[in-house]
Structures are given as structure tokens and as C-alpha cells.
There are 2 protein chains.
Amino acid sequence: MPSENHRPTQEDVAREAGVSRAVVSYVINNRSGGKVRISERTRRRVLEVVQRLGYQPNVNARSLRTRRSQLIAVMVPDLTNPFYPLMIRGIQAAVEGSDYHIVVYDSDDSAAHERAFVDMMLRRHVDGVVLVSFHLDVEDVRRLTQAGIQTVGIGGRLRAAGIDTVATRERPAAREIVRYLISRGHRRIAHLAGPQDTPPGQLRIQGYHEALEEAGLRYEEALVRYGTFKPAGVAQLIDSMFAASAPEQRPTAVFAANDLMAIEAIRALGRLGMRVPEDVAVCGFDNIPAAELVTPSLTTIGQDCQRMGRLAGETLLERLGAGARAEPRHVSVPYLLIVRESA
Amino acid sequence: MPSENHRPTQEDVAREAGVSRAVVSYVINNRSGGKVRISERTRRRVLEVVQRLGYQPNVNARSLRTRRSQLIAVMVPDLTNPFYPLMIRGIQAAVEGSDYHIVVYDSDDSAAHERAFVDMMLRRHVDGVVLVSFHLDVEDVRRLTQAGIQTVGIGGRLRAAGIDTVATRERPAAREIVRYLISRGHRRIAHLAGPQDTPPGQLRIQGYHEALEEAGLRYEEALVRYGTFKPAGVAQLIDSMFAASAPEQRPTAVFAANDLMAIEAIRALGRLGMRVPEDVAVCGFDNIPAAELVTPSLTTIGQDCQRMGRLAGETLLERLGAGARAEPRHVSVPYLLIVRESA
DNA sequence: AAAAGGTGCTTAATCGTGTAAGCTGAGACG
DNA sequence: CGTCTCAGCTTACACGATTAAGCACCTTTT
């Protein structure tokens, strides 16, 4: 039996309860407040039938009619980076209790996927969007906003698109952790940077730069290597940093642009026979869960991603409720220097 | 400007292109094959207008009409467990290139959420579902299948519901890793078990049991503690295992029911002044990414979750294509003993 | 007793799409 | 010259819901 079934519709409920379809709709949506009144007796009877038949309203039909889908789309670059699931939890928490539901898109950090997802959001007629994007441009975002879709960006990249944003102040954060390294006596501090064409990559290198400058240290090209925010390739970068130069020219500390890279760096250093933190100090950025599990545990900058998610969710709900507010709002989430064993 | 916009519909495209709405629909869906033919000239003109107006079909309306949503829902218990994002990647990979899209639900391992998500799937009229569930029962699954929703379960728990399943053979896997511990000379092997009311918890403890029996070792209640698959509380369990007994009565190895617990166990042992693996060997189950990052790196059972995801996705697509096949199919995914430093 | 007002329904239009069935005009054919 | 065929459209209904407007009946007011 393929059980290609007839699922109950309002029609079925109405027939069974001996009322018109409209009554069923009014009852289900609790719209007894306006001009239309439904007697308590009928209401009960309808609800009983709904229960008995296991009726579930067809949200496609409903959205078609109401022009609202009660959907919030969340796009993240990489679900396998623990950072983002936590952020989603935050958004989830903000949305819980409202009538909205979230749907998650994992773009796998691909520009093509990101564009495709924007299309999907338009086709699905989602009401709101939370974007964590490294590839979309202002024009892509405009397609969303022009369609009347409320949009919140996480990370400052899309500030120019005129949407609300929630972000960590990455530059000061990067500056602070490099300052910390300096305060511990380090003078030759290397930076394992993220991609230069992404704002997180840029901001972290800027912060690095500023901290050096403050302390009167020279910025040396030789101390900077560009990676991808992912573990792959980090070992080679570390090799090239340490193998090439004379011992006294080697960095005594490495500031990695994120934790994944930092952890991989520690392993690469181990293979080179260097101990962390005795020979080289290492610190990261993000404070992913693994940061405290590795040995040595990782000194890093804690971004409260769950809170960022919650703020993004709340901001979005506010917009969705109040309609258009005057100006886009940009919220900063505090960061935290977390000192552990690695530096 | 709130830009509560008029989004283009087929109507708009039709008007602009000087044809009827139906033509637009036929062109968009490439339905020139049947009785209806559209001239190449018109086709081009329509597509040009579609492009120019940035028309995107409203999938709500479409699903309403066609009774197919092209949606596959994926429900997982915990997005923050790295295991599941990988599985989702696998499903994603299987679905890529088909006309289906996936939507992810994170149930946060709550029975209430799981039920609520089943409702959502029914309301959204998703075409297929991949379930990783610890709480749904056969009746819940029947609600899905009765509504004509193709369903695939990951993990053997829902085999009784008559749906296709994809699973690792956890019992043999558990047996194998305990066998390995025995082969390394361990005789007093403790088990940090998962919840007794979940199949993964049960199967792993059964495998543990079988391996002991094979080797002629006695199963001792005192060597087993029940946890939750999460790090919280593990420290106390370890304390109670090791603090209480005389040194020669202590276990020399601990088999944890999953990696998260194993990692936490290693840390707890460290606080008790015991070295891993010299004083106590520890092994886990799952092979999450952190397993190779921690020190000592974790000996564990590798479940190829990405492959499980892909298989689940493929199975589902097959069902969705072919309609009803005769019998539910149960696929086993190979596991792998991964020996690292911790045991 | 007629008018007014309120309660509790029903009727019917509408959202944007897919698709079967009908229509039209031009060329082929007897 | 009338009929047939067929390519290439258009017409019209259906999907399942929301919601404004209308209607019947009863009670209260004038």
C-alpha cells in the first residue's frame, strides 16, 4: 500500500462538524475577536473534529493567501564549524515562542550556493532572513529587501547594504589579544591570517597591525601568512614560517585568525619539535568548544555567538513586528579575552 | 520606504511578453514535450522578460497546485554535535543535482520538539523526511507515512515502523573496540554508558558485554556507569569509579559510549592525577573531529556519518522517484576501529 | 408593531500556479 | 472549394486556505 492518502482539509473538517469552511478557519486562527463571532459550542465541536481527523493546516495555501510564510531563513557558511550551530541555537531561542520558524541553509562557503539560496528565499517567500555571508554583495541583499524581506546581517560585512547588523568588534578584539601577547614579553609575533578578501580576515590583521604599532613594534611581511580559516594548508604555512629563518629570527608567538587554524598550528609546531607555549605561544580567535579540549588548551578571543544569534533573531522579530523602522541598527556584541594554556 | 513591494508574478511576465499566463508556465517548466507546443520565438521572449523582471515562481502556490513541495526535511537531535552537520553534508551531497531541497530541524534532543517538527512537516507538505530521532515512536512515524511522506530513519531505532533505515552496526562495533582493549592486556574494563533507554546506549553496552563474555571476563555492575552522551556529569561518574575502590580494583581501561564523554573522562582522570594511556586507557565512539585534536588523541570507532547521510539521501530519492517499493530496506554502514594515542 | 441592533453563521472572492481541454488560423488534401 | 490536421495559443478550473461582506434570526428599543 503506497497509501497515497487523502489528507484532511478544512473542507473535511467543515463537513464533519456540520459547519462552513469559514468557521473552521476562524476557529483555528482564533479570530473571534473582530466582527465575526463563533459560539463556544461550535468552537468546541470544530476543535474536536480537528483533533479526531488529525487535521493540519496546509501552510502553503495559507502563505499564498496571507502573503506571510512565518518563515525566517538562516544562511551560514559552514555548519561543520561549531561556531554556527551555536549561533543558530541563539536565533532559535529568540524565535521560540513567536509564530516564526527558522529554516537553515548551509552554503558551504560557496558563492554559487549563496546566490542560489537567495533565490530560494525569494521563491519560498520567507518573511525574514539572517545572513552570515562572505560572498553576497549589496546588490544581492537589495534583491531581498526590495522584495519586502526583512534582513539582518551577522558580521559587519553587509553594513553598506543598509540592513541591521550584529557583529563582534573584531578589530579591537584582535588588537587586544595581540596586546596580551606583547604584555607577556613577545616581540616577534607572527600572524596566521584569514583570506584577505574577507572582512574577518582583514579586521583581524588590522587589529594585529594596530597592536604592534601601539607597542612600537615593526610590522614585518615575513611574519604574516595567509590561510583559509580552515585547517588544511596550515602545516605548510607554519613550516615556511619556522623552517626558513635562523632561530633568533623566528617568531616567539603566533596569532592565528581563528581557532581551527590555531589548533592545526599547534599540531604542526609539535611535529617541528617545538613546544607550546614554552617555545612558541599560540592563540586563536572564536573560542570554539574544542578550544578548551585541546592540549595545551587554547588562549583565544571568545565571541559569544549564541548571543549574536539571539540578538539577530530579536532584531529581526522587531522589524517583522513593527514594520519599517527609521534607520538600520548596528549592534556590537562584547568579546572576551580567554587566557588558557597555549599563550 | 518600507518597499512593501509588488513582486512580479506570471501574470506580470505574461502581460509584458504579450502572451497568456499559461504560456509562461509552460515555458518555465519546459513542458513543450506533451500536447502543448511553444514556438522557439515565444519561448525566448518569455525567458527574456523573466530575466528582466527578475521573476521567481512562488513555490507555495506551486506546491499547492502540484501537491509536491520538492522538500526533504532532516531532523537531527543536536546540531552542536559535530556528528550531525557532517551527516547533513552527506544528505546534501546525495540531493544535490536533484530537484529537491533540504530543510534542517534541530530538535535539541527534546521529545516535544520532535513531535512539533512532525507536525511542521505535515503542514509544510514536505515530500520526504530523514529522521534521526531518539523520542519518536512508531505511531509518530505512521502519521508521516500515512500522509504519503516517504521516510528514512538513521539509526536502527525506527526499524519497527516499517521504514527504510541506515545504521551503523553499533553492537559489533562496540564489541570490536572492547576486544581491542582486551587484546592490549586489559582485564578490568569499565564502561561509561549512554542512557539505558536509547538504542545507541543499549547496543554499545551489549557489545561491551559480548566482548567480555568472549574473553571469559566477568561482567561487573561496579564497572558500569550511566551518563547522557553529554560531557556534563561525566566527571562525577569517573570520580565514583576510581576514587572509591582500592588501587588494584580500579579499572585499567574505560570504554566511553561516545567521544564527547570520552574526552571529558580524560580530563577528569587528569584531575585525579592519572595519566592516559599509561595509567588508564580510554576509548570513545563516533570519531568526531575533536577526537584527533585532543591530547592524547582518542582511540575510537569511526562511524562514517557523511556516508550514512548520503545513503539515507539516496534511499529517499529512490523512493521518491519510484514510488512504493516492496519491502523496507535496512542498510548497514561499515565502521572502523581507529587506534590513536589514548588506548 | 416596526425599526434597530447584535449574534452566529454562510457566501464568495482571492492568493499564484499547473494543466487539461478548447480554440484559431494556415497549409495539406481530397 | 470544403474538410482535416496540426502547431501554437488561450480559457478556465483546481489546489487549500483567509477574510470581507452579507444574511437570517432573535432580542431590544421606540
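Just so you know, these numbers come straight off a predicted model, no measurement behind them. Chain A is the first sequence line, chain B the second, and so forth, proteins listed ahead of strands; every chain is numbered from 1. Below, all heavy atoms of this structure are taken into account, side chains as well, without hydrogens, waters or symmetry copies.
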**Request:** State which residues pass salt bridge (charged side-chain N to carboxylate O under 4.0 Å, His left out) with A/Asp304; sequence neighbours excluded, sorted by chain then number.
**Result:** none

**Message:** Heavy atoms within less than 4.0 Å of DNA chain C: which residues of residues 50-61 of chain B have one? Give them sorted by number.
**Reply:** B/Tyr55, B/Pro57, B/Asn58, B/Ala61

**Item:** Nearest-Å distance for atom pair CZ/P, residues A/Arg65 and C/dA12
**Value:** 16 Å

**Request:** Step by step, work out the side-chain hydrogen bond (donor to acceptor under 3.5 Å, both in side chains) result for B/Arg21 and B/Gln10.
**Result:** CA-CA 6 Å; B/Arg21 233 179 25 71; B/Gln10 281 191 356; 3.1 Å; yes

**Prompt:** Which nucleotide sits closest to the side chain of A/Thr9: C/dG18, D/dT18, D/dA17?
**Reply:** D/dA17

**A/Arg7 CZ - D/dG16 C1' separation (whole Å)** = 12 Å

**Axis-to-axis angle between the two ends of the helix from C/dA1-D/dT30 to C/dG30-D/dC1 (five base pairs per end, rounded to 10 degrees)** = 70°

**Request:** Using a heavy-atom cut-off of under 4.0 Å over every strand shown, decide if B/Gln10 touches base, sugar-phosphate, or nothing.
**Result:** sugar-phosphate

**Request:** Sequence neighbours left out, what passes salt bridge (charged side-chain N to carboxylate O under 4.0 Å, His left out) with B/Glu48? Give chain and number order.
**Result:** B/Arg52

**Asked** With sequence neighbours excluded, what pairs up with A/Arg45 under the salt bridge (charged side-chain N to carboxylate O under 4.0 Å, His left out) test?
**Response** none

**Prompt:** Below 3.5 Å, does any donor atom in the side chain of A/Arg62 face an acceptor in the base of D/dT18, or the other way round?
**Reply:** no

For nucleotides 5-9 of chain D, list the nitrogen or oxygen atoms of the protein found under 3.5 Å from its nitrogen or oxygen atoms, one pair per line.
| from | atom 1 | to | atom 2 | distance (Å) |
| --- | --- | --- | --- | --- |
| D/dC9 | OP1 | B/Ser39 | OG | 3.3 |
| D/dC9 | OP1 | B/Thr42 | OG1 | 2.7 |
| D/dC9 | OP2 | B/Ser39 | N | 2.8 |
| D/dC9 | OP2 | B/Ser39 | OG | 3.4 |
| D/dC9 | OP2 | B/Thr42 | OG1 | 3.1 |

**Asked** For the side chain of B/Gln56 and the backbone of A/Leu122, is there at least one donor-acceptor N/O pair under 3.5 Å apart?
**Response** no

**Asked** Is a donor-acceptor contact shorter than 3.5 angstrom present between the side chain of B/Arg21 and the base of D/dT11?
**Response** no

**Request:** Specify the separation, in whole Å, of atom CG of A/Leu64 and atom P of C/dG18.
**Result:** 12 Å

